[in-house]
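Okay, structure first, notes after.
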Amino acid sequence: MTTQPCRQNEFFTEEVDWPDVQALVRFGFAQQPASMVLWVTFTDATTSDSCRRWLAQQIAAVTPAVKSAVDAEQVLLNMAFSPAGLAKFGLPAASLNTFPMEFSEGMHSQRGMNIFRGDPLADHNENHDATMPGRDDSAHLVLLLYARQPASLQDYAAALEHSLQGLATLAVQATELTEHEHFGYRDGLSNPVIRGARPTIKPDAVEPGGLLAPGEFLFGYADERGLLAVSPVVPAASDPLDLLPATVACCSDTGVVEYCKDLGRNGSFLALLQLQQDVEGFRTYVETTATEANVEKLYAQLMGRWRGGAPLTTSPNISGHEGDGSARRGYNNNFEYADTDANGDRCPVGAHIRRSNPRDTLDKDRALSWRFANRHRILRRGRLYGKATDQECGMLFMCLNISPARQFEHIQRTWLDSPRFASHGETDPVVGRRGLGNGEFNGCPVQPSQRLRKLPRFVTLRAGGYFFLPSLRALRMLASAQP
């Protein structure tokens, strides 16, 4: 993504305008464990005017990133648009061309298939046609609902469905936030913290790499390098109510630099993946591969954390109740690898949490390693669907980032699915695609020198897409836009 120096003026400031940001960027909604995703696809007959009128009626219910609003509302609502959705709401082609290529082309382009479905052994036969209609970026927008009680969600979703009657079709997916995900690991332990997002924070919740710049996750702010990502824009004529901040950019069909409006400011990109988990297969593999005394250790080796949450690199010999998640020891992010575990003697180099965030091991200069790692972070907001005992269950993985290519896709392609990241030929032992590597893992607790072989595939991509999560001002602009 092209960048420009961050200029200290009224538009570019370190302090985030949280009332203009959708709440999902700042909060994980831990107090709202019930959740639901509505994938909305407007009919061909539905006009842009009809879409805008519908949106204008919903904007007041969208929850901003302000704690008082999150605490007060019975049901929280956020929304995000696919490229097709932005076009459906009347955004001109010249404006759509200012979005990054990975967003515009989507996960289902040839480029996206190479990254997400490029497993020649597994995908071609069993998952080539796995996309679920209406649950990918063919949908025009996704409505994200959160509540303390499922009953509140059902009533709210029914009202939304009624408001869209005759305009759109809906695919509804119930999700929930639980302490442990379906494989049994304590979840949601490692997330970057945006500088200025929390009034107080516990020291063990912050990684040694520090708090991250707002511009890694929101347009309009400096990133970790002190630069400003180039934001999507619209022609000034598309903002008749003058809601958006002014900018100067190339946003005309002729390529002429002209006066435009900043559509991206206080917005972010949302990646959604429906990941089916083979819970029984995972359990069976672990319990038949390890000796009875080493079952919990093997679970920990694959993930890099004990199922209770303690990281292996700081708690290599934790056992008993602490291993199964019932104790509250060791849930920290304040650890590194280079000093005590550079070679993966405690936490295997290829373990899931070490691949997804290598921390201080990417360069001999640890400060440089942290700077590089921090440029590839994402805000995870995933929720579970189904029960672990169901045949169809898994995670609706959701993450926020400013550059899907540099952040989300880099993690997927260069760390999780790279056979050159750890021991030669391995991919991530928990979520990795086996056809891209040799199906092995160097970290078996039975014998330190023994490699696990023929790992089955435990996680399968069923659907997914990229969506733009606009600011509240941008939502109001979309509702009033002139084509």
Side-chain angles (χ1 to χ4, degrees), residues 178-191 202-209 277 279 281-362 366 369-370 373 380 388 415-416 421-423 426-432 440-453 455 458:
T178 61
E179 189 173 78
H180 291 73
E181 53 78 55
H182 289 320
F183 287 154
Y185 296 100
R186 187 174 176 87
D187 198 21
L189 298 176
S190 180
N191 242 350
K202 296 179 180 179
D204 63 359
V206 181
E207 297 171 0
Q277 294 178 256
V279 177
F282 187 70
R283 182 192 64 80
T284 299
Y285 182 83
V286 172
E287 296 183 2
T288 57
T289 299
T291 63
E292 183 176 350
N294 284 313
V295 168
E296 286 301 328
K297 187 62 178 288
L298 180 50
Y299 275 117
Q301 292 274 343
L302 294 168
M303 179 59 65
R305 288 185 187 266
W306 296 92
R307 290 200 288 175
L312 268 175
T313 194
T314 57
S315 304
N317 299 311
I318 197 168
S319 60
H321 292 300
E322 293 157 326
D324 65 19
S326 57
R328 297 194 60 81
R329 172 186 162 197
Y331 306 144
N332 71 79
N333 277 321
N334 189 18
F335 66 90
E336 298 178 287
Y337 298 113
D339 273 350
T340 59
D341 197 19
N343 298 322
D345 297 323
R346 296 180 175 187
C347 176
V349 175
H352 175 70
I353 69 163
R354 195 155 175 169
R355 280 179 172 269
S356 58
N357 182 14
R359 298 179 181 245
D360 62 337
T361 60
L362 295 172
R366 290 164 59 182
S369 177
W370 273 112
R380 294 186 298 118
W415 293 345
L416 297 181
F421 181 91
S423 295
E426 294 180 6
T427 58
D428 188 291
V430 180
V431 303
E440 298 182 1
F441 176 65
N442 187 23
C444 179
V446 180
Q447 297 178 13
S449 61
Q450 181 179 346
R451 295 177 65 87
L452 300 187
R453 303 182 188 278
L455 270 74
F458 302 121

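Atom set for the values below is all heavy atoms of this structure, side chains included, hydrogens, waters and symmetry mates excluded.
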Between [X] and [Y], which heavy-atom pair has the shortest distance, and what is it?
X: T313; Y: R346; result: O-NH1, 2.8 Å
X: N357; Y: A373; result: OD1-CB, 4.3 Å
X: V286; Y: L298; result: O-CD2, 3.7 Å
X: V430; Y: D428; result: N-OD1, 2.8 Å
X: P316; Y: W306; result: O-CZ2, 3.6 Å
X: N334; Y: P208; result: OD1-CG, 3.5 Å

Could you tell me whether a side-chain N or O of [X] sits under 3.5 Å from a main-chain N or O of [Y], the two making a donor and an acceptor?
X: D341; Y: C347; result: yes
X: E287; Y: A290; result: no
X: Y299; Y: Y185; result: no
X: R355; Y: G350; result: yes

Reported [atom1]-to-[atom2] distance for the pair [X] and [Y], which is rounded to 0.5 angstrom:
X: E440; Y: R453; atom1: CD; atom2: CZ; value: 4.5 Å
X: H352; Y: W415; atom1: NE2; atom2: CH2; value: 12.5 Å
X: F421; Y: L416; atom1: CZ; atom2: CG; value: 8.5 Å
X: S369; Y: Y337; atom1: OG; atom2: OH; value: 11.0 Å
X: R359; Y: S190; atom1: CZ; atom2: OG; value: 5.0 Å
X: L452; Y: Q301; atom1: CG; atom2: CD; value: 9.0 Å

**Q.** Residue of the set R380, R305, R307 for which salt bridge (Lys or Arg N to Asp or Glu O under 4.0 Å) holds with D187
**A.**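 With D187 as partner, R380, R305, R307 yield a single salt bridge (Lys or Arg N to Asp or Glu O under 4.0 Å), made by R380.
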Q | Those residues that, when tested against Y285, pass ring-ring contact (aromatic ring centres under 6.0 Å, His included) (two or more places apart) | A |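 With sequence neighbours excluded, Y285 shows a ring-ring contact (aromatic ring centres under 6.0 Å, His included) to F458, given in chain and number order.
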For residues [X] and [Y], determine if any side-chain heavy atom of one lies less than 4.5 Å from a side-chain heavy atom of the other.
X: D339; Y: R366; result: yes
X: L189; Y: P311; result: no
X: F282; Y: Q277; result: no

Q.
Just by distance, no angles: are the side chains of E336 and W370 close enough, under 3.5 Å, to form a donor-acceptor pair?
A.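 Note: E336 and W370 side chains meet the donor-acceptor criterion.
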Q | Working for side-chain contact (heavy atoms from CB on, under 4.5 Å), residues E207 and F335 | A | CA-CA 7 Å; E207 297 171 0; F335 66 90; over 6 Å; no
